[in-house]
Amino acid sequence: GLAEGRADARRPYSTEAIPGEFVSSDFLSVDGTTEYVDGLVRNDTGAVHVVRRCQSSGSHRSAERCAWRDKVRMMNAINERLRSIFANDAECLFVQLDADELWDAEMLADLHDLFLRDDEKQCAYFHAHFFVGPRAVTLDGYGHSDEYEWLRAFR
């Protein structure tokens, strides 16, 4: 399952609004992510489930109303969708993947295996690299605090 769209950047991370050039009219991606996700859904056999705050481009809703209030609302929306499709007691692993982060299939497979091996594990923090510019990726320093960042997986 996938909750796609922009969470309101002011909650809880900032007091600044997202600059207009980074926001589409329906608060989806401006970098091709939405088209990629739509392709996954079109070519899939029913395993990819997407929830968007505003379901279609050109909606009469304002972009501000199409933004998710926060990432918790995004998680709750996809949880509700998956529980309506699968058994209500089915276990889910939620992973927050932001567009500026670098993830690969091996990292996600390892994460899945970690939760399978440990029934008591409820969440996971980890370091990841992410984009800070068109050709600039972090390795350490900014964005790599062990105390408050990178809580990305939840049972």
Side-chain angles (χ1 to χ4, degrees), residues 1-20 22-105 107-128 130-131 143 145-155:
L2 167 62
E4 184 195 6
R6 300 282 306 251
D8 184 343
R10 294 172 287 201
R11 298 173 190 248
Y13 306 108
S14 175
T15 58
E16 301 296 321
I18 298 169
F22 299 112
V23 179
S24 68
S25 63
D26 50 12
F27 241 66
L28 296 175
S29 75
V30 294
D31 66 357
T33 302
T34 298
E35 293 78 9
Y36 176 77
V37 169
D38 288 345
L40 289 175
V41 172
R42 270 193 311 279
N43 296 319
D44 188 64
T45 59
V48 177
H49 303 278
V50 180
V51 175
R52 293 178 172 135
R53 182 95 163 94
C54 289
Q55 292 295 321
S56 62
S57 188
S59 168
H60 67 280
R61 299 176 181 139
S62 71
E64 188 172 300
R65 288 190 5 208
C66 288
W68 292 93
R69 190 186 98 196
D70 53 38
K71 291 182 181 187
V72 172
R73 291 279 171 109
M74 295 175 83
M75 298 284 281
N76 287 340
I78 196 60
N79 183 34
E80 184 177 313
R81 169 71 63 87
L82 293 176
R83 293 202 184 280
S84 73
I85 296 169
F86 303 106
N88 218 18
D89 59 348
E91 278 201 7
C92 295
L93 177 61
F94 293 98
V95 182
Q96 176 185 332
L97 304 175
D98 289 345
D100 62 346
E101 299 168 355
L102 296 174
W103 295 85
D104 61 35
M107 291 168 70
L108 295 174
D110 288 347
L111 178 62
H112 180 255
D113 291 345
L114 173 71
F115 278 82
L116 283 178
R117 284 191 312 269
D118 186 349
D119 289 341
E120 300 298 313
K121 185 164 285 305
Q122 294 298 308
C123 62
Y125 286 88
F126 39 116
H127 286 230
F130 62 99
F131 292 100
S145 172
D146 290 334
E147 295 178 23
Y148 62 89
E149 294 184 295
W150 298 105
L151 178 58
R152 289 293 194 259
F154 315 86
R155 185 182 299 264

Discussion item. To the nearest 0.5 Å, what is the distance between CZ on Arg52 and CD1 on Ile78?
Written reply: 11.0 Å
Practice prompt. Calculate, to the nearest 0.5 Å, the distance between atoms CZ and CD belonging to Phe154 and Gln122 respectively.
Written response: 11.5 Å
Worksheet item: Is it true that a side-chain atom of Asn43 and a backbone atom of Gly39 form a donor plus acceptor pair closer than 3.5 Å?
Response: yes
Worksheet item: How many angstroms lie between atom CG of Asp38 and atom CZ of Arg42, to the nearest 0.5 angstrom?
Response: 6.0 Å
Item to complete: Supply the atom-to-atom distance Arg53 CZ to Arg73 CZ, rounded to the nearest 0.5 angstrom.
Response: 7.5 Å
Worksheet entry | Between SG on residue Cys123 and CZ on residue Phe94, distance to nearest 0.5 Å | 14.0 Å
Discussion item. Evaluate Asn76 against Trp68 for side-chain contact (heavy atoms from CB on, under 4.5 Å), listing each step before the verdict.
Written reply: CA-CA 11 Å; Asn76 287 340; Trp68 292 93; over 6 Å; no
Worksheet item: Hey, mind stepping through Arg155 and Phe115 against side-chain contact (heavy atoms from CB on, under 4.5 Å) and telling me if it holds?
Response: CA-CA 8 Å; Arg155 185 182 299 264; Phe115 278 82; 3.5 Å; yes
Worksheet item: Can you tell if the side chain of His49 reaches within under 4.5 Å of the side chain of Leu82, non-hydrogen atoms only?
Response: yes
Worksheet item: Can Ile85 and Arg81 be said to form a side-chain contact (heavy atoms from CB on, under 4.5 Å), step by step?
Response: CA-CA 7 Å; Ile85 296 169; Arg81 169 71 63 87; 3.8 Å; yes
Worksheet entry | Contact check, side chains of Met75 and Asn79, non-hydrogen atoms, under 4.5 Å | no
Worksheet entry | Distance (rounded to the nearest 0.5 Å) between Leu116 CG and Leu93 CG | 8.5 Å
Practice prompt. Please check if any side-chain donor atom of Glu4 sits under 3.5 Å from a side-chain acceptor atom of Thr33, or the reverse.
Written response: no
Practice prompt. List the steps and the verdict of side-chain contact (heavy atoms from CB on, under 4.5 Å) for Val95 and Leu111.
Written response: CA-CA 9 Å; Val95 182; Leu111 178 62; 3.5 Å; yes
Worksheet entry | Contact summary for Gly5 and Leu28, nearest pair of heavy atoms | CA-CD2, 3.8 Å
